[in-house]
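As structure tokens, the structure follows; a few thoughts come after it.
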Amino acid sequence: LRFRHALMRDAVYARLPTDARMRAHRQAADWLERMRETDALMLAEHFVLGGEPARAAVWLVRATADALDANDLEAVLERGDRAIAAGAQDVLLGRVRRKQATAAWWLSDYARCRAYAKEALAHLSVGSSDWFLAAGELAAACGRLADLDAVEAIYEQVRHAERAPEAHAAQLICLARVAFPLVQQGRPDRVRSVMRFLDAQLLGLGEYEALAIAQVCQVQAEYAQQCGLMEKAAALLQRAGEAFVTAGDRRSALTESNSL
């Protein structure tokens, strides 16, 4: 059914009884799911208006991820809050808060990033990819807030965490982000062992793990700079920037290009 004018459509919609409207939205959402619709936010809206908040929450979590991919950072925060209000809990809640932590980081709101990442860790399985990525966000935020004791504590927690089989790249990203503020703030001796570990792991990473390569090269560059190896640092920054581009992380790629 199509209307010639939006005003006519809205008038008919307004005359529908509440139950009929909710049923229509549920039917629309079910049909869109069967058709493999990719607009997560549209699906979520239909489920919200159809009175199915639990199903809406799942799609709002996806819509939050879509907003982050699109670099719409304020939408990440707004959609994440909507997902939680709709009932996202446990692992879904942890994933939402991790995405919001990333958005807050890029908005330079490090206190909020820290709060989101802490809450994410409380709802994610220790050693999973999401858990390592949330721990990395938390360490980075604590570093920017000059709370190096907290970074040290995260380092110890991460170092002893049992890694899930699929979490290798996430673990390396996390360790790189944990090590970075310690190196940057003059504690390179504290992370010498992890730097050796990252050096060894870098050799075995493939192109599909580009984000891990980028993060590892980034902290290696900082470490080289602290050791006075400026040419090595520049080469590593160049490689980090290229790997960020390969990974599709335009925000970090731009940051690295400005550092050269």
Quick one: which residue pairs count as a salt bridge (Lys or Arg N to Asp or Glu O under 4.0 Å) with a foot in residues 162-174, not counting sequence neighbours?
-> none
What pairs of residues pass the salt bridge (Lys or Arg N to Asp or Glu O under 4.0 Å) test when at least one of them lies in residues 118-127, not counting sequence neighbours?
-> Arg97-Glu119
Taking ILVMFWY side chains as joined if any heavy atoms are under 4.5 angstrom apart, and letting links pass through other members, which residues group with Val96?
->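 For the cluster that includes Val96, the remaining residues are Val58, Val61, Ile84, Leu92, Leu93.
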For side chain to side chain contact (heavy atoms under 4.5 Å, CB included), just list the numbers for Val91 and Trp131, CA-CA rounded to whole Å, side-chain angles, deciding distance to a tenth of an Å, and then say yes or no.
-> CA-CA 10 Å; Val91 173; Trp131 184 87; over 6 Å; no
I would like to know whether Glu152 and Leu182 meet side chain to side chain contact (heavy atoms under 4.5 Å, CB included); could you show each step before the answer?
-> CA-CA 8 Å; Glu152 294 259 14; Leu182 297 177; 4.1 Å; yes
Can you see which heavy atom on [X] is nearest to which on [Y], and at what distance?
{"X": "Leu236", "Y": "Ala224", "value": "CD1-CB, 4.5 Å"}
{"X": "Ala67", "Y": "Arg79", "value": "CB-NH1, 3.7 Å"}
{"X": "Val151", "Y": "Pro181", "value": "CG1-CG, 3.9 Å"}
{"X": "Ala135", "Y": "Leu121", "value": "N-CD2, 3.7 Å"}
{"X": "Ala44", "Y": "Ala56", "value": "O-CB, 3.7 Å"}
{"X": "Ser128", "Y": "Ala167", "value": "C-CB, 3.9 Å"}

When hydrophobic residues are tied together by side-chain contacts of less than 4.5 Å, even through go-betweens, does [X] share a cluster with [Y]?
{"X": "Leu145", "Y": "Leu138", "answer": "no"}
{"X": "Ile213", "Y": "Val245", "answer": "no"}
{"X": "Trp59", "Y": "Val76", "answer": "no"}
{"X": "Leu60", "Y": "Leu43", "answer": "no"}
{"X": "Leu68", "Y": "Leu41", "answer": "no"}

State which residues pass salt bridge (Lys or Arg N to Asp or Glu O under 4.0 Å) with Arg159; sequence neighbours excluded, sorted by chain then number.
->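 Partners of Arg159 under the salt bridge (Lys or Arg N to Asp or Glu O under 4.0 Å) test: Glu156.
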I'd like to check [X] versus [Y] (side-chain heavy atoms, cut-off strictly below 4.5 Å). Are they in contact?
{"X": "Leu175", "Y": "Gln201", "result": "no"}
{"X": "Leu77", "Y": "Arg112", "result": "yes"}
{"X": "Phe132", "Y": "Ile173", "result": "no"}

Any chance you could measure [X], atom [atom1], to [Y], atom [atom2], to the nearest 0.5 Å?
{"X": "Glu242", "Y": "Cys217", "atom1": "CD", "atom2": "SG", "answer": "9.5 Å"}
{"X": "Arg144", "Y": "Asp109", "atom1": "CZ", "atom2": "CG", "answer": "13.0 Å"}
{"X": "Gln220", "Y": "Asp199", "atom1": "CD", "atom2": "CG", "answer": "4.5 Å"}
{"X": "His168", "Y": "Ser129", "atom1": "NE2", "atom2": "OG", "answer": "11.0 Å"}
{"X": "Phe244", "Y": "Leu237", "atom1": "CZ", "atom2": "CG", "answer": "10.0 Å"}

Test log, rule side chain to side chain contact (heavy atoms under 4.5 Å, CB included), inputs Tyr223 and Leu229 | CA-CA 9 Å; Tyr223 189 70; Leu229 305 172; over 6 Å; no
According to side-chain contact (heavy atoms from CB on, under 4.5 Å), who are the partners of [X], at least two apart in sequence or on a separate chain?
{"X": "Asn71", "answer": "Leu73, Arg251"}
{"X": "Ala169", "answer": "Glu209, Ala212"}
{"X": "Gln184", "answer": "Phe180, Glu222"}

Among all residues two or more places apart in sequence or in another chain, which pass the side chain to side chain donor-acceptor pair (under 3.5 Å) test with [X]?
{"X": "Glu137", "answer": "Thr102, Arg177"}
{"X": "Glu74", "answer": "none"}
{"X": "Glu78", "answer": "none"}
{"X": "Asp130", "answer": "Arg95, Arg98"}

Could you note down all residue pairs passing ring-ring contact (aromatic ring centres under 6.0 Å, His included) where residues 104-130 supplies at least one of them, sequence neighbours left out?
-> Trp105-Tyr110
Output, in order, the C-alpha distance, side-chain angles, deciding distance and verdict of side chain to side chain contact (heavy atoms under 4.5 Å, CB included) for Thr246 and Leu211.
-> CA-CA 8 Å; Thr246 300; Leu211 189 55; over 6 Å; no
